[in-house]
Amino acid sequence: MRTTKRYLPVAAALLLLSSLTACSDSGDDGPTVPAGPVPEGLEKFYAQQLEWGECAPYATNAMARQAFAGDGLECARLTVPLSYAEPQGTTITVGLLRRQASDPGSRIGSLVLNPGGPGGSGMTAAAQLSSAVGGTELGERFDFVGFDPRGIGASEPAVDCLTDAEMDADRADLTAYDGIDDVADAEKDAEDFAAKCVERTRHGEKMLANLGTRDVVRDMDVLRSALGDEKLTYLGYSYGTRIGYTYAETFPRNVRALLLDGAVDPEQDMVEALVAQAEGFGGTFGEFVKWCAGRADCALGRDPSAAVGIYQDLVRPLLDEPVALPDGRVLSYEDATTGTVAALYSRQVWPTLNQGLAALGKGDGAVMMALADMYYERGPDGKYASTHEGLVAIRCVDDPPVTDRERIEAAQAEYVEKAEFLDPGLPPSAARDACAFWPVEHTSEPHLPDVEGVPPTLVVSTTNDPATPYQAGVNLAKAMDGRLLTFDGAQHTAFLSAGSDCVDKAGVAYLVDGTLPPEGTRCG
């Protein structure tokens, strides 16, 4: 079974850069009454008091344990209905983490964060980004709040489809490519995956049916009230931009400010988005090749025109014979290409990718496996975060399934044409993925959001973003009637993570007092 890679959560990208530092001390326990309009029947959820405490009990994987170790972080659980159609029925919880404003006297409110995925941990991302806001006006005037969306990470229950051993086996499975033309076998694997998600996730189909963006934004409005904020101030990265514009469409009067970085195009379906993403990865790989060719130690040689061929000569043999690793695992073709994709998310990781490719040429796959493990959020203890199971589950409930086999084959051919380095040299498969066998109906369709009355949105888009191409940000800013801020760079997202004073100052000014950068602003 192969789950489709889409967006790497910002939290995982940040861990690649080891960007964790301590945070400021915490303060009081926050509000005891709800703020803003309360939907009928949900009064008890909107009025709940959050009980903040130590974060260690909320850590469900190695990444979270490392991130939550910082000083000044505190965690809580938000109770929400499993189904908003049945608010008096079963309840679930959403995990929260915050770093309180360091200047309570000038505090504006809470800045709520989602790092993308779908399925990324907002708790982990908030903990890792806390160092970037410490000592800044953003950190002084806002509580910095991350949440694990329902079904993810510390939120309970979490999506559960594969065991850790099954995930390892899936990554190492050579038959995924040997039998690429065996549609029946591939679809049986996809159907089995969907069945395991139902069987192993608490509340089964009902949980999976209420897992997606439609319900996450309802949770986020409950969170806004529980935090005591009349209106929401929100920072969304990557898929988190979809959460942002969906919230604006659902609760237009409850928006204070939305900063959306690394946009998902609201009009694209899954196939269109993946093909556009392939163009992004292909372009960023080209930028990596140019950078590498300027180094004497470039693993892909000094001639950029030959680099794709050299890369394929390094990774394609893994289709037949993976490289054995000291821990007993093997580096597969899937893992080598995943490690490459992970490194393309940040220019600062390019030296590590070059090192890994050079080592692979000598029969050593350890560095490439480490990059792939970071993408999949596999800890040194062999345990995985729920991110990638959550990605599939959320994608399947959010979007219409793709069932047209001719379109699937055509999209695969177009994908490897735009991202040639990811071409395994095998014919495309017409097999449908797990979403075609998902047990519940999808909840939304691609469309331009209706955000009339919402304050102007700031959209940040990076010219060589591998995962969320630049044009998607252009399109979203237009759809939101917002302001586009362009960052000239080669990485996934920019605000608080690219080291750009220009981007960061513009973003902080917008979040603090609503000041938008001048039309056409570009940051290098």
Side-chain angles (χ1 to χ4, degrees), residues 1-6 117-119 151 158-201 204-205 207-208 211 270-271 274 315-316 318-322 329-338 341 372-373 375-378 382 384-413 415-416 422-442:
M1 186 281 304
R2 278 290 177 269
T3 58
T4 303
K5 292 189 286 286
R6 195 171 184 184
V159 176
D160 188 8
C161 304
L162 299 180
T163 66
D164 296 325
E166 286 171 339
M167 189 67 178
D168 277 346
D170 180 57
R171 289 171 56 182
D173 184 9
L174 298 182
T175 63
Y177 291 95
D178 288 345
I180 199 165
D181 58 344
D182 193 335
V183 172
D185 283 352
E187 291 193 347
K188 179 62 165 61
D189 286 346
E191 188 173 10
D192 287 347
F193 175 84
K196 287 177 180 177
C197 293
V198 175
E199 177 186 346
R200 296 173 178 177
T201 300
E205 288 190 13
M207 183 67 191
L208 297 181
L211 189 69
M270 283 195 288
V271 169
L274 287 168
V315 300
R316 282 183 176 178
L318 299 173
L319 289 164
D320 300 312
E321 189 174 349
R329 294 193 296 158
V330 295
L331 178 75
S332 65
Y333 174 84
E334 177 80 5
D335 282 325
T337 53
T338 296
V341 165
D373 282 347
Y375 187 99
Y376 286 113
E377 297 184 45
R378 183 189 191 272
Y384 287 86
S386 59
T387 303
H388 288 272
E389 293 167 317
L391 183 153
V392 177
I394 295 167
R395 185 168 60 89
C396 291
V397 77
D398 267 2
D399 298 311
V402 181
T403 57
D404 183 336
R405 291 194 173 95
E406 289 186 3
R407 190 178 185 215
I408 292 169
E409 281 192 327
Q412 288 188 24
Y415 192 99
V416 297
L422 293 176
D423 184 356
L426 298 168
S429 170
R432 296 167 295 171
D433 68 6
C435 294
F437 306 96
W438 211 242
V440 297
E441 292 296 318
H442 65 279

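We count residues from 1, following the sequence as given.
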The criterion is side-chain hydrogen bond (donor to acceptor under 3.5 Å, both in side chains); which residues satisfy it with D164, sequence neighbours excluded?
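side-chain hydrogen bond (donor to acceptor under 3.5 Å, both in side chains) list for D164, sorted by chain: empty.
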State, with a plain yes or no, whether a side-chain heavy atom of V159 is found less than 4.5 Å away from one of L211.
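Side chain of V159 against side chain of L211, heavy atoms only: contact under 4.5 Å found.
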Taking only residues two or more places apart in sequence, or in another chain, which ones meet D192 in a salt bridge (Lys or Arg N to Asp or Glu O under 4.0 Å)?
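Partners of D192 by the salt bridge (Lys or Arg N to Asp or Glu O under 4.0 Å) criterion, ordered by chain and then number, come out as K188.
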Closest approach of V315 and A336, non-hydrogen atoms and distance?
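Closest heavy-atom pair between V315 and A336: CG1-CB, 4.0 Å.
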I need the F193 CZ to D433 CG distance, nearest 0.5 Å.
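Taking CZ in F193 and CG in D433, the distance rounds to 10.0 Å.
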Distance (rounded to the nearest 0.5 Å) between M270 CE and D398 CG:
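Rounded to the nearest 0.5 Å, the CE-CG separation comes to 9.5 Å.
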Sidechain-backbone polar pair: S332 side chain, D335 backbone, donor-acceptor under 3.5 Å:
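Yes; at least one donor-acceptor contact below 3.5 Å.
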Could you check whether any side-chain N or O of E389 sits under 3.5 Å from a backbone N or O of L162, counting only pairs where one atom can act as donor and the other as acceptor?
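Judged by distance alone, yes, a pair lies under 3.5 Å.
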Chi angles and distances behind the side-chain contact (heavy atoms from CB on, under 4.5 Å) call for D399, H442:
CA-CA 6 Å; D399 298 311; H442 65 279; 5.7 Å; no
Checking side-chain contact (heavy atoms from CB on, under 4.5 Å) for the pair D160/E199: CA distance, chi angles, key distance, verdict?
CA-CA 9 Å; D160 188 8; E199 177 186 346; over 6 Å; no
Nearest-0.5 Å distance that lies between atom OG1 in T338 and atom OH in Y333:
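With rounding to 0.5 Å, OG1 (T338) is 9.5 Å from OH (Y333).
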Spacing of D170 atom CG and C161 atom SG [to the nearest 0.5 Å]
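Reported to 0.5 Å precision, the distance equals 11.5 Å.
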Going by the rule side-chain contact (heavy atoms from CB on, under 4.5 Å), which residues pair with C396 if we only count those two or more places apart in sequence or in a different chain?
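For C396, the residues satisfying side-chain contact (heavy atoms from CB on, under 4.5 Å) (neighbours in sequence not counted) are V392, C435, W438.
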Report the distance from atom CE of M207 to atom SG of C197, rounding to the nearest 0.5 Å.
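Between M207 CE and C197 SG, I get 12.0 Å after rounding to 0.5 Å.
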Taking only residues two or more places apart in sequence, or in another chain, which ones meet D373 in a side-chain hydrogen bond (donor to acceptor under 3.5 Å, both in side chains)?
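Per chain and number, D373 pairs via side-chain hydrogen bond (donor to acceptor under 3.5 Å, both in side chains) with R171, R329.
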Report the distance from atom CG of D189 to atom CG of D173, rounding to the nearest 0.5 Å.
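D189 CG to D173 CG: 7.5 Å, rounded to 0.5 Å.
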So do D320 and L174 actually touch side chain to side chain, heavy atoms under 4.5 Å?
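No, their side chains stay 4.5 Å or more apart.
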Spell out, as yes or no, whether a donor-acceptor pair under 3.5 Å connects the side chain of Q412 to the backbone of S429.
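Here the side-chain-to-backbone pair exists.
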Applying side-chain hydrogen bond (donor to acceptor under 3.5 Å, both in side chains), name anything that partners R432, two or more places apart in sequence or on another chain.
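Residues passing side-chain hydrogen bond (donor to acceptor under 3.5 Å, both in side chains) with R432: E187.
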Indicate the atoms forming the closest heavy-atom contact of V183 with A431, along with that distance.
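Distance-wise, the nearest heavy atoms are CG1-CA, 3.9 Å.
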Of all the heavy-atom pairs spanning L422 and T337, show the shortest one and how long it is.
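Scanning both residues completely, I find the closest heavy atoms to be CD2-CB, 3.9 Å.
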When you compare the side chains of Y384 and D168, does any donor N or O come within less than 3.5 Å of an acceptor on the partner?
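A pair is found: one side chain offers a donor N or O, the other an acceptor, under 3.5 Å apart.
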Are the side chain of H388 and the backbone N or O of Y375 linked by a donor-acceptor pair below 3.5 Å?
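Present.
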Taking all heavy atoms of L208 and all of V397, pick out the closest pair and write down the distance.
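That would be O-CG2, 3.6 Å.
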Student check: side-chain heavy atoms of L318 and E334 closer than 4.5 Å:
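A side-chain contact is absent here, since even the closest heavy-atom pair is not under 4.5 Å.
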Can you confirm whether P118 sits close enough to L391 that some side-chain heavy atom of one is under 4.5 Å from a side-chain heavy atom of the other?
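In contact.
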Shortest non-hydrogen contact between S386 and G151, atoms and distance
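Smallest heavy-atom distance, with atoms named: OG-O, 4.3 Å.
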For E166, which residues count as a salt bridge (Lys or Arg N to Asp or Glu O under 4.0 Å) partner, sequence neighbours excluded?
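Partners of E166 by the salt bridge (Lys or Arg N to Asp or Glu O under 4.0 Å) criterion, ordered by chain and then number, come out as K196, R200.
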Work out which heavy atom in D182 is nearest to a heavy atom in D185; give both atom names and the distance.
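Distance-wise, the nearest heavy atoms are OD2-OD2, 2.7 Å.
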